[in-house]
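Encoded as structure tokens, the structure appears first; notes follow it.
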Amino acid sequence: EELTVIRKFEHIEHCLKRNVQAHVSNGFEDVHFVHMSLPEIDKDEIDLSVEFLGRKFDYPIFIAGMTGGTKGSQLAGKINKTLAKAAQELNIPMGVGSQRAMIRKPETWESYYVRDVAPDVFLVGNLGAPQFSETIPERYGIEEALKAVETIQADALAIHMNPLQESVQPEGDTQYRGVLNALAELKAEFPYPIIAKETGAGVSMEVAIKLESIGIDAIDVGGLGGTSWSGVEYYRAKDELGKDLALRFWDWGIKTAISVAEVRYATELPIIATGGMRDGIAMAKALAMGATFAGVALPLLKPAVKGDVEGVIKILRRYIEEIRNAMFLVGARNVEELRRVPIVVTGFTREWLEQRIDLPAYMRSRGI
Ligand code: FNR
């Protein structure tokens, strides 16, 4: 039981002190806007708002879930409250990290609770997919899902699919049998929206189609090219075999740009494009490719551990101004128009997509 808590500390520490990013890009350098010399709009009239799961948000940026459950030090609580204050100020959604610790130790609930500082924020709870596997006798069901959402007054639940990290860590949960079925059953009775999310290895169109078919409400593609959870486990590994395995899989997965295209092409689900999103031009490209939000985790961790709300907001405002500027230069007044501007896909991303989807058809229609 203590292990989960210690693990969380280690993860945050490695994410802060080491390079845990993928050695490969997230693919957006292969996606190009076509500069428009006559935008025929005023920069001031650009509207960055988006709608998602029945709510309206001022900006198309999502603070991806990172932490919770580290009772004692208050560290996780501080991180979540700092992120929540920034999200409240900007009217953007945010997630908390895995609530498994809270299910085991209900007294850690406060480290996930942000309603006192962020009464209006669209808040997303978080549980892991393998905990729902039929292989586990004490598997999660609707009771745990309701507890996760209602204890912290969240608006939706994210289920993280994380087989890469689980498979390269010694204590990983690698029971995934029956997860889809369990999620279908959960979705049938659960009164809150469910977001299926990856954590850095991307979602393929095959998985996205299955998730859509059981009624999942949205997908966070959590693609390759940002934080590598195999990378984090490399630093945590205790022996050579473990280090070798984690190093080998450091850059495993589907790049974020590719995953957005696959999921947009194959489903009608709203998309959060997370995974290595580090500037507003890449974010604007993700929106143009059909995502509703760009999601960010790692860059916000540093100011968040210091309780630096202004620091978090400063980073987000930089992204916002870059998105706005890119929209101006392609003549898009809003995100819907951005999905109709021409884009050009080159290189590895193009080679991949040509073998996977009808690329010209996708390029013509990138809205939901
Ligand atoms: C995460 N992420 C994550 N995801 C999740 O579903 N549950 C979790 O508990 C965590 N924990 C967590 C901790 C820390 C310190 C980081 C940096 C990230 C994954 C996160 O939501 C996101 O999908 C990935 O980090 C990719 O985005 P970035 O970091 O490349 O912007």
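Residue numbers count from 1 along this sequence. Whatever order the structure lists them in is the order used to number ligands and atoms, beginning at 1. None of these values were measured; they are calculated from a predicted model.
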Using only atom types and a distance under 3.5 Å, with no angle test, would you say the side chain of Thr267 pairs donor to acceptor with the backbone of Glu212?
no

Look at the rings of His14 and Tyr235 and say which category their plane angle falls in: under 30° parallel, 30 to 60° tilted, over 60° perpendicular.
parallel

Under the salt bridge (charged side-chain N to carboxylate O under 4.0 Å, His left out) test, residues paired with Glu13 that sit two or more places apart
Lys17

Can you find a side-chain donor-acceptor pair between Asp30 and Thr349 that sits under 3.5 Å?
yes

Contacts satisfying ring pair (Phe, Tyr, Trp, His ring centres under 6.0 Å) that involve residues 173-226 (not counting sequence neighbours) are Phe190-Tyr192

Tell me the residues surrounding ligand 1, counting only those with a heavy atom closer than 4.0 angstrom, sorted by chain and number.
Lys8, Cys15, Ala64, Gly65, Met66, Gly97, Ser98, Asn126, His160, Lys197, Glu198, Thr199, Gly226, Thr227, Trp229, Thr274, Gly275, Gly276, Arg278, Val296, Ala297, Leu298, Leu301

Pairs flagged by salt bridge (charged side-chain N to carboxylate O under 4.0 Å, His left out) wherever residues 224-238 is involved - sequence neighbours left out:
Glu10-Arg236, Glu171-Arg236, Glu233-Arg236

